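The shown structure was predicted, so the numbers you read here are calculated from the model rather than taken from an experiment.
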Amino acid sequence: MSLPPPPNAHALAVLCLTVIALILFTREKIPLESSSLLVLTGLAAGFELFPFRAGGSTLHAVDFFQGFGHEALVAVCSLMIAGQGIVRTGALEPVGRALARIWKVSPGLSLLLTLLVGAFISAFINNVPVVVLFLPLLLSVSLRTGMKASSVLMPMGFATLLGGTCTTIGTSTNLLVVSVAADMGMRRLEMFDFLLPAAIAGSIGIAYLWLLAPRIIPAREPTLADTSPRVFSAHLVILEESPVAGRSLAEALKKVDGAMKVMSVGRGPDSFIMPFPSLKLRAGDHLIIRDTPERLKEFEKILEGTLYLDASMGKPVDDEHPLKAEDQQIAEVVVTEESNLRGRTLSRMRFADRYGVITLAIHRAGRHREKIEDDIGDIPLKAGDILLVQGPREQITILKKETSFLVLDATMDLPFARKAPVALIIMLGIVLSAALGILPIAISAPLGVVFMIFTGCLGWRDATRALSAQVILIVAASLGLGVALLKTGGADYLARLFVTVTGGAAPLFVISGLMLLMAVLTNIVSNNAAAVVGTPIAVSIAAQMGQPVEPFVLAVLFGANMSYATPMAYKTNLLVMNAGKYMFSDFLRIGVPLVFIQWIALSWLLPTLYGIG
């Protein structure tokens, strides 16, 4: 076996820098953003000092910064923002509530349904918000049913990764591979062009995650402190238009799956009724409840009631009240020893008028002996009391500057629930316009972002928060490396080396070997880096072997998505690891078999579907 002659000096330097980059990307002590920027500036400075000329053209340093304007990065960033719009409007919350109800009936079937729903949503939306949605749901279910959370959290996370491989927009990796391959002359893959092999292999993977993975995952005890925040006492007022007005308390509790604990029912001034299940609720009744801030807001939404009632008007606050602002937050305010709230009531202080926020609930430590039936505004406050308040973001910010009380870090954005249908329609428009070939995803996604912002589904602050400097820099650096490998001949050299090492093996074995190499790389370094480095190599291998390029490129795409074996392979793995308190070895135990299942399935599917002998 004779190895191909060494490449030119520039190609050799780029290959060395690629190895250095892959090493840097694995260093936990060096931020990925820093490593990416170092690689990018190293490329630019090197080629500026030592210009590379080939075929009558010069590779300029500025060429390596074109990744910042590359259509793949534009699409990735736009889809991250559009996904934030879905999260910000709470459009996925009904899905979570529906799944929570099914878990009570059949945990086994519910796990399968959770895996399938998570995979399906992740085919069109970045899987990070999907995992963020399902994590508290599954932790809550585990607390109620006694099920081990560790047996379902990791399978759920991996299912979203499997779903992401099914479409061109499922992951940033897919978008990068498709765009780089198109830049190199391959036909542009449409949204569902590789759905068949991805769906078949993904179905096998989900069957493994459903039937086997929960049985071999070691039992871990998640830290549940974060799932049990402070409990507040509140008045949930039944409105005229509420679906439970005129119905029994038992029916109201059924709508919230029995999760709401009603301590008393207030009806009229100083009139309180025991919460019997048969009690008929009337408009204006106050349900005296105690729960966490998130659960209180959830009950308010499901029962279509209000945690705040204008005492003077006897009805919910009108359009002039701060509750109607779009950028709502809730915050926890502590009454300190020096506070001017101490010993006074909120009503006498005219707290809502003074600070532009309203008080939803109160938390008081120790035995709860106070008359919680009293309106919160009429309770004399003590040092240590914590008020749950709601108002526009700017008012919460002003509140934090007050010296008479303390605003905790538990500030939380509330979803623009009224805009949820609009956000879903916009997201559907992004997907359909790209799937039907009306607009490329690099245009339909930014257009969708424009609609998200101008329809009020998303604010500019939320849009910028959705962007990740880490993703932007790793994509730009990876694209720069890809350009350097391609233009200097480094990719061609690696392709010839790969073909030589495989000893003239049949194309199907080369495809399989290339996919396995990408699978190993993606679990050690960034999946985007593995994808962009691997794509030009795949194109060169196909050209040298005289084979159609598409199955080789898909081998890179699928291999770079097999981020199952290590927690640092993908950001959702880290989310799941933290929530489930998994060990590194747990990912090896569950993820490595999944990598081999996907590798074996796709090693057969790709050559079969594309007629590779």
Side-chain angles (χ1 to χ4, degrees), residues 96 98-122 127 130-166 198-224 227 516 519 522-523 558 561-570 572-604:
L99 287 173
R101 292 190 186 99
I102 299 172
W103 271 95
K104 290 187 174 182
V105 180
S106 173
L109 182 62
S110 300
L111 174 58
L112 176 60
L113 194 58
T114 300
L115 299 179
L116 291 173
V117 170
F120 177 78
I121 297 175
S122 297
N127 68 332
V130 181
V131 170
V132 169
L133 169 74
F134 283 150
L135 279 179
L137 164 68
L138 294 180
L139 284 170
S140 176
V141 167
S142 70
L143 284 172
R144 295 182 193 176
T145 64
M147 171 191 70
K148 290 291 184 184
S150 58
S151 66
V152 294
L153 294 182
M154 190 183 292
M156 177 273 297
F158 286 164
T160 65
L161 291 176
L162 290 171
T165 63
C166 292
I200 295 173
S203 298
I204 299 171
I206 285 179
Y208 160 76
L209 294 174
W210 178 43
L211 298 172
L212 293 179
R215 291 170 171 78
I216 58 178
I217 296 177
R220 304 291 183 197
E221 291 296 334
T223 302
L224 298 176
T227 66
L516 184 60
T522 197
N523 282 286
F558 287 126
N561 273 301
M562 295 181 188
S563 309
Y564 316 123
T566 61
M568 67 276 194
Y570 202 76
T572 52
N573 289 6
L574 293 172
L575 288 174
V576 167
M577 183 181 189
N578 181 63
K581 295 303 171 187
Y582 294 110
M583 307 292 288
F584 187 96
S585 58
D586 297 336
F587 281 86
L588 292 176
R589 184 192 298 251
I590 307 302
V592 170
L594 184 57
V595 168
F596 277 100
I597 288 170
Q598 294 298 289
W599 173 59
I600 292 169
L602 290 163
S603 293
W604 173 75

Which pair of heavy atoms, one from P218 and one from D586, lies closest together, and at what distance?
CG-OD1, 3.4 Å

Quick one: pull up CD in Q598 and CG in L162 and give me the separation to the nearest 0.5 Å.
5.0 Å

Got a second to check how far M154's CE is from R589's CZ, nearest 0.5 Å?
10.0 Å

So CG of L161 and CG of L209: to nearest 0.5 Å the spacing works out to 9.5 Å

Okay, side chain of Y582, backbone of V576: is any donor-acceptor separation there less than 3.5 Å?
no

Which residues share a side-chain contact (heavy atoms from CB on, under 4.5 Å) with I600, sequence neighbours left out
none

Which pairs count as salt bridge (charged side-chain N to carboxylate O under 4.0 Å, His left out) when at least one residue sits in residues 198-219, sequence neighbours excluded?
none

With rounding to the nearest 0.5 Å, note down the distance linking CG in L516 to CG in L602.
12.0 Å

With sequence neighbours excluded, what pairs up with L212 under the side-chain contact (heavy atoms from CB on, under 4.5 Å) test?
Y208

Taking C-beta and beyond as the side chain, do L111 and P214 meet within less than 4.5 Å on heavy atoms?
yes

Can you name the closest pair of heavy atoms from A199 and C166 and give their distance?
N-SG, 4.3 Å

By side chain to side chain donor-acceptor pair (under 3.5 Å), S603 pairs with (sequence neighbours left out) S512, W599

Distance from S203 atom OG to L115 atom CG, nearest 0.5 Å?
11.5 Å

Taking every non-hydrogen atom, the tightest pair across F558 and A198
CE2-CB, 3.7 Å

Quick one: salt bridge (charged side-chain N to carboxylate O under 4.0 Å, His left out) pairs with a partner in residues 109-122, sequence neighbours left out?
none

Sequence neighbours excluded, which residues qualify as ring pair (Phe, Tyr, Trp, His ring centres under 6.0 Å) partners of F587?
none

Who are the ring pair (Phe, Tyr, Trp, His ring centres under 6.0 Å) partners of W210, not counting sequence neighbours?
none

Nearest heavy-atom approach of S563 to N573 is O-ND2, 2.9 Å

Listing request: all side-chain hydrogen bond (donor to acceptor under 3.5 Å, both in side chains) pairs with a residue in residues 107-121, at least two apart in sequence or in separate chains.
W103-T114

Residues that T160 engages under side chain to side chain donor-acceptor pair (under 3.5 Å), provided they are two or more places apart:
N127

Can you check whether T165's main-chain N or O pairs, donor with acceptor, with N561's side chain at less than 3.5 Å?
no

The criterion is side-chain contact (heavy atoms from CB on, under 4.5 Å); which residues satisfy it with A119, sequence neighbours excluded?
I206

How long is the span from the OH atom in Y564 to the CD1 atom in I590, to the nearest 0.5 Å?
14.0 Å

Sorted by chain and residue number, the side-chain contact (heavy atoms from CB on, under 4.5 Å) partners of L211 (sequence neighbours excluded) come out as none

Sorted by chain and residue number, the side chain to side chain donor-acceptor pair (under 3.5 Å) partners of S122 (sequence neighbours excluded) come out as none

